[in-house]
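In what follows, a structure is listed as structure tokens, so that the remarks can point back to it.
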Amino acid sequence: MNKPWFAVRKELSSRRRTFLAVMSFVLPLLVWSLFSYVPFIWHPQVEIIEAGEVDYFRTGMLVDRAIFEQEKETMRAEGRELPTGTRTNPVYLPAPHQVATALYTAFTTEPQRRNEKWLHESLADSIQVIFWGFFLSSLIGVPLGILAGTYVAVSRLTEPFVEFFRYLPAPAFGALAVAILGIHDAPKIAIIFIGTFFQQVLVVANTTRKLDPALLEAAMTLGARNAGLLFKVVIPGIASDLYRDMRILLGWAWTYLIVAEMIGASSGITWFITQQARYKNFDNVFAAILIIGIIGLTTDLILAWLGRRLFPWQRTARA
Amino acid sequence: MTHLALPSYRDQSPEVADRFARLKERPVILEVKGLTKTFDTSQGSVTALKDISFRTHQREFVCVIGPSGCGKSTLVRTLAGLEDYNSGEVLLDGKPVHGPGPDRGMVFQGYTLFPWRTVKKNVMFGLELAGRSRTAAEEEALQWIDLVGLTKFANSYPHQLSGGMKQRVAIARALANQPRILLMDEPFGALDAQTRAKMQGYLLEIWKNIDITIVFITHDLDEAIFLADRILVLKAHPGEVQELIEVPVPQPRSPSQFLSPEFLATKRRLEELIHPPGAETEEGINGDRLNMVRMVPVNAKVESVF
């Protein structure tokens, strides 16, 4: 009954699995809450309540604790009115409840300037950019990777160059992309494409090469030849692994999105974040970052669920 | 075994002799002439098969046996067209074969069912490639599945089947193409002894009931004798034909024959060929003896295992 929690490579009961999965979110939240709500943990600054007779203090102002204490000592020594304040965290670490509120209000507050976009519009822009970048990359990268993994000739013709190119950092092409493609979504899509495509070719080629050669041999003795082998054995044989690769690559595409949107961008989620940071609305910044995480995780969970239905022969579809 | 008074493995009862005479009059399905194959390795070229010649007649069951490294797998893979060869000829119905093709079905030792296809779809694979319509292929596949007794599992995926069932599907899949010859590369090697014995029984049943010629690779002497009309014995380094033995055990076979004098005589002959008494002293078991020191404490309760 009382099985150990730590046993090398042994499955846990589903209750424990769920419990641990929940804890993996609760623990970081707990640490965050400790830092936010327990006044003697960290809280390196003081929010002024009464300025006292310190001439540059204002109510609501944040000062470092050391400075506050020093001014207080000075006032006490001179017998003047003491300032009062409460310990607080810097503005860039909002408390969980503030971010939670921002998660809601970020969608409901009107943009500060007329040409700025609502959060949901920024998100829609970003998702569109990701979609096109990833779609175009896959459109060429997946077939090329499959061919490279199947035919040595294609592999030798493409992979050395792809190996070289994948070390060139995608952001380095930012200026070039803007010069060639202008300032709208095209250069961003181009950067996601560059960041994803070359990795994709190699990953897909490797996945294709991992297909059990005995399956190909069996198919050949059953009468399969070139096209038949490719379409009836290679592609269905790697489909489930390919799907898993695509899930991982989609995660990379998100990373490149952030990079892409730093370049000549006036839309998208990154621009929303930079803009909010400029206004010191760090709760909105955290909210936006969390939303990216939530979108990413949700997509992945949906894709994993879909994968289990698409590939019922996979015993170990849980990934 | 040597002290038993056994007949010679060459002694055949009149019925058996008559059957072999008739067997040799059947049309030749597979003819191998002077087949030689060398592998190029970093240490130079290794001759895997040297001047192998034999004939297989229609509906004959041939087993190929030999010590490890004799190239029996290479031989069957060459026959299937999965390996090319340096010289010699492989003739199927008198025509030379090049590359793999559906006229030579193959069952591998490892499970090579397509994991993404159900049992039925696996069996349909060759039929689809042959251009059969979907309904015709499905109908035919179900017949073959019925033949191997897996109708209940037609819609299961391979990972839901036991090892023995997987190999039955593999046999059905190969037979569905109606090949001229069925090549089997240690197909029951990965199965446990009980399943293996059952599979041997199934295979003989299938062989009796359909027009198929079988070349079966094994390293199990009992399996070879139990299944084969004739046994092709290879020897290692290089892989050469040592002897083509006509199994004197009467057909049809049953497990009760395992202790018959003919069976044991054949087995003794195979033992002599595959584990020759002289060879072991040089580099066989005695060559790399375990370096044993007595490690039982002097006051051990059980002093000796004898």
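- By a heavy-atom distance cut of under 4.5 Å, F125(B), G126(B) are the residues of residues 118-127 of chain B near chain A, going up by number.
- Within the 4.5 Å cutoff, the side chain of E217(A) has no heavy atoms near those of the M106(B) side chain.
- Annotation for R309(A): atom CZ counts as buried by contact number, over 12 foreign heavy atoms lying within 6.0 Å.
- Within the 4.5 angstrom heavy-atom criterion, no atom of A239(A) approaches chain B.
- With contacts defined as side-chain heavy-atom distances shorter than 4.5 Å, the pair F114(B)/P236(A) does not qualify.
- Smallest separation of non-hydrogen atoms from L222(A) and N177(B): O-ND2, 3.1 Å.
- The only member of Y111(B), F108(B), W116(B) that meets side chain to side chain contact (heavy atoms under 4.5 Å, CB included) when paired with L215(A) is W116(B).
- For the pair R225(A) and G101(B), the tightest heavy-atom approach, listed with the atom from each and the gap, is NH2-CA, 4.4 Å.
- Within residues 207-220 of chain B, no residue has any heavy atom less than 4.5 Å from a heavy atom of chain A.
- A 6.0 Å sphere centred on OH of Y151(A) holds more than 12 heavy atoms belonging to other residues, nucleotides or ligands.
- Within 6.0 Å of CD on Q160(B) lie more than 12 heavy atoms contributed by other residues, nucleotides or ligands.
- For the residue pair A218(A) and R173(B), the shortest heavy atom distance occurs at CB-NH2, 3.6 Å.
- Within 6.0 Å of the CZ atom in R59(B), the count of heavy atoms belonging to other residues, nucleotides or ligands exceeds 12.
- Contact between G223(A) and L129(B) at its shortest, heavy atoms only, is C-CD1, 3.9 Å.
- With chain B as partner, the option from G237(A), S240(A), A224(A) having the largest number of non-hydrogen pairs under 4.5 angstrom is G237(A).
- You'll find the side chain of E128(B) reaches within 4.5 Å of the side chain of K232(A), heavy atoms only.
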